[in-house]
Amino acid sequence: MSNVYTLFEDCSRHGNSFILSPNGEPLYTYADLREESARYAHLLKQAGVAPGDRVMVQVQKSPQNLFLYFGCLRAGAIYLPLNTAYTEDELTYFIGNASPSVIVAEDTRTGFFESASDARVFSLSAEGTGTLVDQLPTQPVTPYTAEVDGDDPAVILYTSGTTGRPKGAMITHDNLASNGLTLLDAWQWQAGDVLLHALPIFHIHGLFVATHLAVLNASPMIFLSGFDPAKVIENLPRATVYMGVPTNYVRLLATGDLTPETCGNMRLFTAGSAPLLPQTFTAFHEATGHEIVERYGMTETGMNTSNPLDGERKPGTVGPPLPGVETQIVDENDAPVPSGETGYLKVRGKNVFKGYWQMPEKTAEEFDAEGYFRTGDMASCDDDGYVSIVGRGKDLIISGGLNVYPKELEGIIDRMPGVLESAVIGLPHPDFGEGVCAVIVPSGDVTLEEAELISELKIKVANFKVPKWVYFVDALPRNTMGKVQKNVLRDQFTPAGDN
């Protein structure tokens, strides 16, 4: 495979509607995608962008944002999307690290980018207007797709690590093609599928998983600007596929408007980007008659595992490895652990990224001699080959020399009366090195007392796992993809109880 855009165009050429409005009206066709992405590719070339140059993009979700993305692929440029919540300090680091040739930003940010970089800066609004779009009418629609090698980076995505400098993961054209085709088959995309798209598109979930699969299947997308429970439910009867993060499903259930009738046209619900609680899986099934397909991926690899479309979907697991993906779960000495035991997860396959931009030493450190990537996640695998993600390696708590896995405790606490959700973190302890701390969001229907909660946990788990501190909060801090930011909680709470 060379330029992945060629695959997208070949697969979508027979398609008609590409983007639908929130009320189901056609906005753009696949012919529009071919023409508009050609215009953007020509514009980038005219602006001096050569294959391999970086195009940094920090804009709101819009169809024009998608056209720009596919135009970057066509031009052989490296697309570099950034979370719209990043601050100027964070953006300064990304500019210095990536050295973009072109930057596309909202009007309110163009002045900053012009002063902070040597790049050519264009504006693009959520409404699809700006200096970038103003340049398009003069650009030809003649086909133009740059020749690149399949191993060339197509996208750089900065990881949201909690320690150290952000790392730019280089995702190649072959990575995108391999993962997209694998998921297309695994989730059995078919004629007549319509995607309800309510995810951001600066992240792999909304861009690589959702958008790519729709294009590879030539399917229409109902394109929402963001997640709104009422709008999602309103559009479910017009869709067949919905992809969300666990928080989305919790909020959809909270409306009380999910019914088997509402979801009568739906074929597939998937969840990812954060762990799906078993009780959410069960509640959704009871409300709709559908079982959510939970899968597991990460910035550096795309999707690695998925619960099956046909077969048992096990709550609390992320399913077996996808075809072409190999997994290993090892101990601290890189020796395989027995079935059911927790260890460090490693993956290998055509989906795994090329390496970290400008960080060859870090890249070498994260791959073993056999080419497996060290994900940093703690996991176990049952006798049926289903993987369960226990937590991040850096979230592992070592208290008095004993390992405490946060997800195990969170699962127990979340099932206790009066608990909506919880996060378990480790905090410094003078005697044990680290002590267990539970941060809990009450459900409001039962009054929670710290002493009673700890007494109950002492019955359920070994004493070294019992929290030494319990804090109650209104909500857990989350990033834009719904992941709990445990680094924020560690900064917020201290063993002395100050918060």
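Quick caveat: nothing in here was measured; it's all calculated off a predicted structure. Note: hydrogens, waters and symmetry copies are ignored here, and every other heavy atom, side chains too, is used.
- Using a distance-only test at 3.5 Å, with no hydrogens or angles considered, no donor-acceptor pair links the side chain of Arg109 to the main chain of Glu88.
- The residues Glu326 and Arg348 are annotated as salt-bridged, a charged nitrogen and a carboxylate oxygen being separated by less than 4.0 angstrom.
- With respect to Tyr79, the ring pair (Phe, Tyr, Trp, His ring centres under 6.0 Å) criterion is satisfied by exactly one of Phe208, Phe202, Tyr69, Tyr5: Tyr69.
- Contacts classified as ring-ring contact (aromatic ring centres under 6.0 Å, His included) and involving residues 124-154 (residues at least two apart or in different chains) are given here: His42-Tyr144.
- In this structure a side-chain-to-backbone donor-acceptor pair under 3.5 Å is missing from Thr129 to Ser125.
- Every residue two or more places apart in sequence or in another chain that forms a side-chain hydrogen bond (donor to acceptor under 3.5 Å, both in side chains) with Tyr28 is listed here: Gln64.
- Pairs passing the ring-ring contact (aromatic ring centres under 6.0 Å, His included) check and including a residue from residues 285-327, sequence neighbours excluded, read Phe269-His290.
- Taking Gln358 as the reference, nothing meets the side-chain hydrogen bond (donor to acceptor under 3.5 Å, both in side chains) condition, with sequence neighbours excluded.
- The shortest distance between side-chain heavy atoms of Glu147 and Asn3 does not fall below 4.5 Å.
- Side-chain contact check for Thr288 versus Thr259: every heavy-atom pair is 4.5 Å or farther apart.
- No donor-acceptor pair under 3.5 Å is formed between the side chain of Ser178 and the backbone N or O of Asn175.
- Looking at heavy atoms from C-beta onward, Thr270 lies out of side-chain contact with Ile292 at the 4.5 angstrom threshold.
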>> Does Asp193 form a side-chain contact (heavy atoms from CB on, under 4.5 Å) with Ser219? I'd like the steps, not just the answer.
In response: CA-CA 6 Å; Asp193 271 339; Ser219 291; 3.8 Å; yes
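- Partners of Phe281 by ring pair (Phe, Tyr, Trp, His ring centres under 6.0 Å), not counting sequence neighbours: none found.
- At least one side-chain heavy atom of Leu91 sits less than 4.5 Å from a side-chain heavy atom of Leu82.
- Residues satisfying the ring pair (Phe, Tyr, Trp, His ring centres under 6.0 Å) criterion with Tyr249, sequence neighbours excluded, are Tyr242, Phe284.
- Note that the CG atom of Leu213 and the OG1 atom of Thr182 stand 10.0 Å from one another [nearest 0.5 Å].
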> Checking side-chain contact (heavy atoms from CB on, under 4.5 Å) for the pair Leu132/Leu43: CA distance, chi angles, key distance, verdict?
Replying inline: CA-CA 9 Å; Leu132 183 73; Leu43 173 56; 3.7 Å; yes
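- Side-chain atoms of Asn235 come within 3.5 Å of backbone atoms of Lys231 as a donor-acceptor pair (strictly under, hydrogens ignored).
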>> Checking Tyr40 against Val133 for the side-chain contact (heavy atoms from CB on, under 4.5 Å) test, could you report, in this order, the C-alpha distance in whole Å, the side-chain angles of both residues, the deciding distance, and whether it holds?
In response: CA-CA 9 Å; Tyr40 280 103; Val133 178; 3.8 Å; yes
>> Set out, in order, the CA-CA distance, both residues' side-chain angles and the distance that settles side-chain hydrogen bond (donor to acceptor under 3.5 Å, both in side chains) for Asn65 and Ser62, then state yes or no.
In response: CA-CA 5 Å; Asn65 188 352; Ser62 69; 5.2 Å; no
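- Side-chain contact between Ile95 and Met56 is present, with heavy atoms from C-beta onward closer than 4.5 Å.
- In terms of heavy-atom proximity, Val293 sits nearest to Asn307 at CG1-O, 3.3 Å.
- Between the side chain of Glu90 and the backbone N or O of Thr87, at least one donor-acceptor pair lies under 3.5 Å.
- A cation-pi contact, defined as under 6.0 Å to the ring centre and within 45° of the axis, is absent between Lys362 and Tyr356.
- Taking Asp382 as the reference, Lys314 meet the side-chain hydrogen bond (donor to acceptor under 3.5 Å, both in side chains) condition, with sequence neighbours excluded.
- Side chain to side chain, Asn23 and Ser21 meet the donor-acceptor criterion of an N or O pair below 3.5 Å.
- For the pair Trp357 (side chain) and Ile156 (backbone), a donor-acceptor distance under 3.5 Å is absent.
- Judged purely by distance below 3.5 Å, without hydrogens or angles, the side chains of Thr282 and Gln279 never pair a donor atom with an acceptor atom.
- Here the shortest heavy-atom pairing between Ile222 and Pro22 reads CG2-CA, 4.1 Å.
- Between the side chain of Thr211 and the backbone N or O of Gly206, at least one donor-acceptor pair lies under 3.5 Å.
- Heavy atoms only, all atoms of each residue included: Lys486 and Pro406 are closest at NZ-CB, 3.5 Å.
- Applying the ring pair (Phe, Tyr, Trp, His ring centres under 6.0 Å) test to Phe94 and every residue at least two apart in sequence or in another chain returns Tyr86, Tyr158.
- By the 30° and 60° cut-offs, the orientation of the rings of Phe18 relative to Phe70 is perpendicular.
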>> Between Gln58 and Glu106, is the side-chain hydrogen bond (donor to acceptor under 3.5 Å, both in side chains) condition met? List the steps.
In response: CA-CA 7 Å; Gln58 192 195 32; Glu106 297 176 53; over 6 Å; no
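- Taking Pro153 as the reference, Ile78, Met170, Lys354 meet the side chain to side chain contact (heavy atoms under 4.5 Å, CB included) condition, with sequence neighbours excluded.
- Across every non-hydrogen atom of Tyr30 and Ser12, the tightest pair is CD2-CB, 3.5 Å.
- Here the side chain of Arg313 pairs a donor or acceptor atom with the backbone of Pro308 at under 3.5 angstrom.
- Listed here is the closest heavy atom pair of Pro51 and Ala75: CG-O, 3.8 Å.
- Judged as a salt bridge (charged side-chain N to carboxylate O under 4.0 Å, His left out), and not counting sequence neighbours, Lys407 has no contacts.
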>> Could you go through Asp107 and Ser123, starting from their C-alpha distance and side-chain angles, then the distance that decides it, and tell me whether this counts as side-chain hydrogen bond (donor to acceptor under 3.5 Å, both in side chains)?
In response: CA-CA 5 Å; Asp107 282 330; Ser123 64; 3.1 Å; yes
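- Taking the six-membered ring wherever Trp is involved, the centroid distance between the rings of His212 and Phe8 falls below 6.0 Å.
- Ion pairing between Lys346 and Glu300 fails under the 4.0 Å rule for side-chain N and carboxylate O.
- Partners of Phe223 by ring pair (Phe, Tyr, Trp, His ring centres under 6.0 Å), not counting sequence neighbours, listed by chain and number: His197.
- Looking at Asn248, Leu252, Val250, Leu253 one by one, the single match for side chain to side chain contact (heavy atoms under 4.5 Å, CB included) with Pro229 turns out to be Leu252.
- Of the possible polar contacts, none joining the Thr305 side chain to the Leu322 backbone as a donor-acceptor pair under 3.5 Å is found.
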> What's the verdict on ring pair (Phe, Tyr, Trp, His ring centres under 6.0 Å) for Phe367 and Phe353, showing C-alpha distance, side-chain angles and the deciding distance?
Replying inline: CA-CA 11 Å; Phe367 285 87; Phe353 76 136; 5.7 Å; yes
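- Here Arg120 pairs with nothing under the salt bridge (charged side-chain N to carboxylate O under 4.0 Å, His left out) rule; sequence neighbours left out.
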> Going through the distances and angles, do Glu294 and Thr317 end up as a side-chain contact (heavy atoms from CB on, under 4.5 Å)?
Replying inline: CA-CA 7 Å; Glu294 186 174 10; Thr317 80; over 6 Å; no
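- The closest side-chain heavy-atom distance from Arg39 to Phe67 is not below 4.5 Å.
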